[in-house]
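See below for the structure under consideration.
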Amino acid sequence: MTYDSKPGAPGGGQGAAVHVTLPRLDPAPVPGCPRCAGAAARRAVRRRNGDLSGVSDCNVDIRHHPHAGEQDVR
């Protein structure tokens, strides 16, 4: 059995380079915001339980809900 040796071909040379970045840091809850505080508390529980998808959901909530005087960034 022979393989095509063209880069990226199945069984052949190397494909395109993959660029991986470090994950974003957890956002800090805005002081005095009850929604941020709740999301941060849920995030801590989910992290302890190994629910990293849930951690990510809480991070999105903290990052993207509007606060007084701010526009929604979604």
Side-chain angles (χ1 to χ4, degrees):
M1 180 179 213
T2 62
Y3 290 99
D4 187 345
S5 62
K6 293 179 187 173
Q14 296 179 346
V18 175
H19 300 281
V20 179
T21 61
L22 293 173
R24 295 170 77 177
L25 297 175
D26 287 347
V30 172
C33 175
R35 185 166 169 181
C36 281
R42 288 189 308 278
R43 177 176 65 191
V45 170
R46 290 174 178 178
R47 188 179 303 282
R48 276 195 306 273
N49 292 332
D51 178 8
L52 299 183
S53 176
V55 169
S56 179
D57 292 344
C58 292
N59 286 341
V60 169
D61 191 30
I62 293 170
R63 274 191 192 100
H64 293 290
H65 76 274
H67 294 96
E70 293 181 355
Q71 292 182 358
D72 191 346
V73 295
R74 281 187 253 183

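Computed from heavy atoms alone, side chains included, the values below leave out hydrogens, waters and symmetry copies.
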Q: Check whether any side-chain heavy atom of R46 sits under 4.5 Å from a side-chain heavy atom of S53, and report yes or no.
A: no
Q.
Looking at every non-hydrogen atom in both residues, tell me the closest pair between A40 and I62 and how far apart they are.
A. N-CD1, 3.9 Å
Q: Looking only at non-hydrogen atoms, find the nearest pair between P29 and A37 and report the distance.
A: CB-N, 4.5 Å
Q: Answer yes or no: is there a donor N or O on one side and an acceptor on the other, between the side chain of R43 and the main chain of A39, under 3.5 Å?
A: no
Q.
Please enumerate all residues that pass side chain to side chain contact (heavy atoms under 4.5 Å, CB included) together with V60, with sequence neighbours excluded.
A. H64
Q.
Let me confirm one number: the CZ-OG distance from R63 to S56, rounded to the nearest 0.5 Å.
A. 7.5 Å
With a 3.5 Å cut-off and sequence neighbours excluded, list the donor-acceptor pairs that the side chains of residues 20-28 form with protein atoms.
residue: D26; atom: OD1; partner: R47; partner atom: NH2; Å: 3.2
residue: D26; atom: OD1; partner: N59; partner atom: ND2; Å: 2.9
residue: D26; atom: OD2; partner: R47; partner atom: NH2; Å: 2.3

